[in-house]
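The next block holds one structure in the form of structure tokens; read it before the comments.
Letters go in sequence order (proteins before strands), and every chain restarts at 1.
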Amino acid sequence: MPIRFYNTLTNRLEDFNSVEPNVVRMYSCGPTVYDFAHIGNFRSFLFADLIRRFLEVQGYDVDHVMNITDVGHMTEDHLADGGGEDKMELAAQRLKEDKKSGKVPDGAIENPDDPYQVAQYFTDAFLGDARKLGLKIAFEYPEKIPHATNHIEDMQLMIAELLKNGHAYVGADQAVYYSVESFPNYGKLSGNSLDQLREGSGGRVEQKDQSNKKHPGDFLLWKPDQSHIMKWDSPWGTGYPGWHIECSVMAKKLLGRDVIDIHTGGEDLIFPHHECEIAQSCGTSGEESFARFWMHARFLLVEGEKMSKSKGNFFTVRDVLSGKVTGRDVHPAVLRYELLRSHYRSNMNFTEKGLRDSAGAVRKLTELNARLEEQTGGEAAQIDNSYPVVAEFLQALSDDLNISGALGCLFTWISQKPDNPHEALAALRIINKILDVAPMEHAQELADSEEASDAGGLDIKGLCQGIDAARANKDYAKADELRDQLQDAGYEVRNSPEGTVATKQLA
RNA sequence: GGUGCGGUGGCCAAGUGGCCUAAGGCGAUGGAUUGCAAAUCCAUUAUUCGCGGGUUCGAAUCCCGCUCGCACCUCCA
């Protein structure tokens, strides 16, 4: 069965074929590093991770690149594409406050007024979160995760080329703009036409801010601005690059092609960001397309509402993992599963209940894996992707990443009790290369690098033995008391013929 | 106003013309088990697919209208 993906460019499901056989070049719009990434960001990154892992299991060699946006930019880009406050400056203020209140550990950041330190601080935080959640690309930093600020020179080269071939001009304010009218396909990705965009902008974009541009839709490539914290010399004055140019440049440079296979991002990036990337990349390459497939993840809601800081439903990965939602620590595999389990093109509703459901599913998979490992001594049979449950799982994903269908096959199979544990283990391992929850590929090394202090001073084994002793003496009040202690500490307590066992709750 | 996506059980969600009196997960209920629980196992849990028309021998699945939700059109994954 062919792989089909929904292509935003054509608004259709299309058979997926890579430009070069067996190799997929994929670019994902990554985080801005002025703050901690939130779970909505990670849903989009995890969606890219799912594509990648799926294609890898299908036999593709996936070259994946994700950018770090660390150029400061401005908070209100509609003001002549660059008014308002500098985001790096805001981040510095926040960090200083957090440093004072002790939220930022000592030594984590020396000087919050240095934007490069701020960017690195949040980049490290992002990588830490991403690795915990099993984002494969996070283990390929910095090779596959470039910083925009390391590619300013190449951006300038592309801007110069756009000026040379007539796609860009210097406005009355000395800033360099891309001329959308020079690119006939502008609007194709988002389904907008220049006329509609002009109307849509009516009333919302002030006339005086537009007077420097030929068309209201023209967007910034280079802004001369001495006041910006991060600034670079250029033929058009000392200043900073426009937001969209970094992706065009880094995709081409790191993936080594003018036409890549897949480009991913959140749905909000369709317009203007990706529309502008296409205009820039095709404006320099002369190719018909920049990415053959544009794939976008829909936004995440929290308890049915859009996530926002003012509503108090704004969660970072570390918030969730440290129990801000559930009241107790959440295992990274649970959050990974939760963010992965719903189809990328529907709104996902992130809820506390959903998180607990996911914990149940992850536990089920984890225990199956443990059981099979034990039964087989870790010796898996030799099977390939045509093995029934694997084939069904992959077939579901082949249909535009139908993850629910895939999970449906998986759980149906689990409930049927495998008759050959060696084959079952092999099948589970293949499927887990994609899901990466039972167990997580890098869980052990990450756990080793962290202080394991989650027991909170409790002697888990001792308490379990205490329960067994009390039960043997029929002192049930004592046994219940000890069990309550363990449960309050977030442990699940089970009796078995071999004695009481306590395991940490997943969520 | 323009553009795009979607509305299936208590919740999440698959199914895109007959195998659907609708997969799977979670939950709930009853039973086995247990000192009691937990875990586990067994059983039950939508004659119905936002609403109204139409096409068809046959529709959750195709068409038309309506309605509700979401997103983008301004920085945002």
- Between B:G15 and B:G54, how far is it from one C1' atom to the other, in whole Å?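 Straight-line distance between the two C1' atoms is 24 Å.
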
Listed nucleotide nearest any side-chain atom of [X], set [options]:
X        : options             : answer
A:Asn41  : B:G24, B:C5, B:A77  : B:A77
A:Thr412 : B:C36, B:A23, B:A14 : B:A23
A:Glu267 : B:G4, B:A71, B:G25  : B:A71
A:Lys353 : B:G35, B:A77, B:C11 : B:C11
A:Asn347 : B:G25, B:C26, B:C70 : B:C70

- Message: When you compare the ring of A:Phe299 with the six-membered ring of B:A77's base, are the centres less than 5.5 Å apart and the planes under 30° from each other?
- Response: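 By the stated criterion, A:Phe299 and B:A77 stack.
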
- Message: For B:G24, is there a stacking contact with A:Phe411, counting only centres under 5.5 Å and planes under 30°?
- Response: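 No, aromatic ring not over the base.
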
- To the nearest 0.5 Å, tell me how far A:Ile434 CD1 sits from A:Arg52 CZ.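 The CD1 atom of A:Ile434 sits 13.0 Å away from the CZ atom of A:Arg52.
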
- Distance from A:Leu189 atom CG to A:His296 atom NE2, nearest 0.5 Å?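 Rounded to the nearest 0.5 Å, the CG-NE2 separation comes to 5.5 Å.
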
- Message: So that I can tick it off, tell me whether A:Glu352 and A:Arg356 are bridged by a salt bridge, with the cut-off set at under 4.0 angstrom between side-chain N and carboxylate O.
- Response: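 Salt bridge flag = yes for A:Glu352 with A:Arg356.
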
- Query: Charged N to carboxylate O under 4.0 angstrom, A:Arg336 versus A:Asp49?
  - Reply: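 Judged by the 4.0 Å cut-off on N to carboxylate O distance, A:Arg336 and A:Asp49 do form a salt bridge.
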
- Message: With a 3.5 Å cut-off and heavy atoms only, can you find an N or O donor on one side and an acceptor on the other between the side chain of A:Arg483 and the base of B:A37?
- Response: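 Under the 3.5 Å cut-off, the side chain and the base do form a donor-acceptor pair.
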
- Does the B:C5 base have a donor-acceptor partner in the side chain of A:Arg298 within less than 3.5 Å?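 Such a pair is found, so the answer is yes.
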
- Query: If only side-chain N and O atoms of A:Asn495 are considered, is one of them under 4.0 Å from the OP1 or OP2 phosphate oxygen of B:C36?
  - Reply: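 Negative; the distance criterion is not met.
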
Base, sugar-phosphate or nothing for [X]? Non-hydrogen atoms, less than 4.0 Å.
X        : result
A:Lys364 : sugar-phosphate
A:Ser404 : base
A:Leu300 : base
A:His273 : nothing
A:Leu269 : sugar-phosphate
A:Tyr6   : sugar-phosphate
A:Arg471 : base
A:Gly265 : sugar-phosphate
A:Asn402 : sugar-phosphate

- For B:U56, the Watson-Crick or wobble counterpart (both distances under 3.5 Å):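 Across all strands, not a single nucleotide pairs with B:U56.
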
- Query: In the strands shown, is B:A71 matched to any nucleotide by a Watson-Crick or G-U wobble pair with both distances under 3.5 Å, and which?
  - Reply: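 Per the H-bond distance test, B:U3.
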
- Indicate, with yes or no, if the rings of A:His263 and A:Tyr27 have centres closer together than 6.0 Å.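 Ring-ring flag for A:His263/A:Tyr27: true, centres closer than 6.0 Å.
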
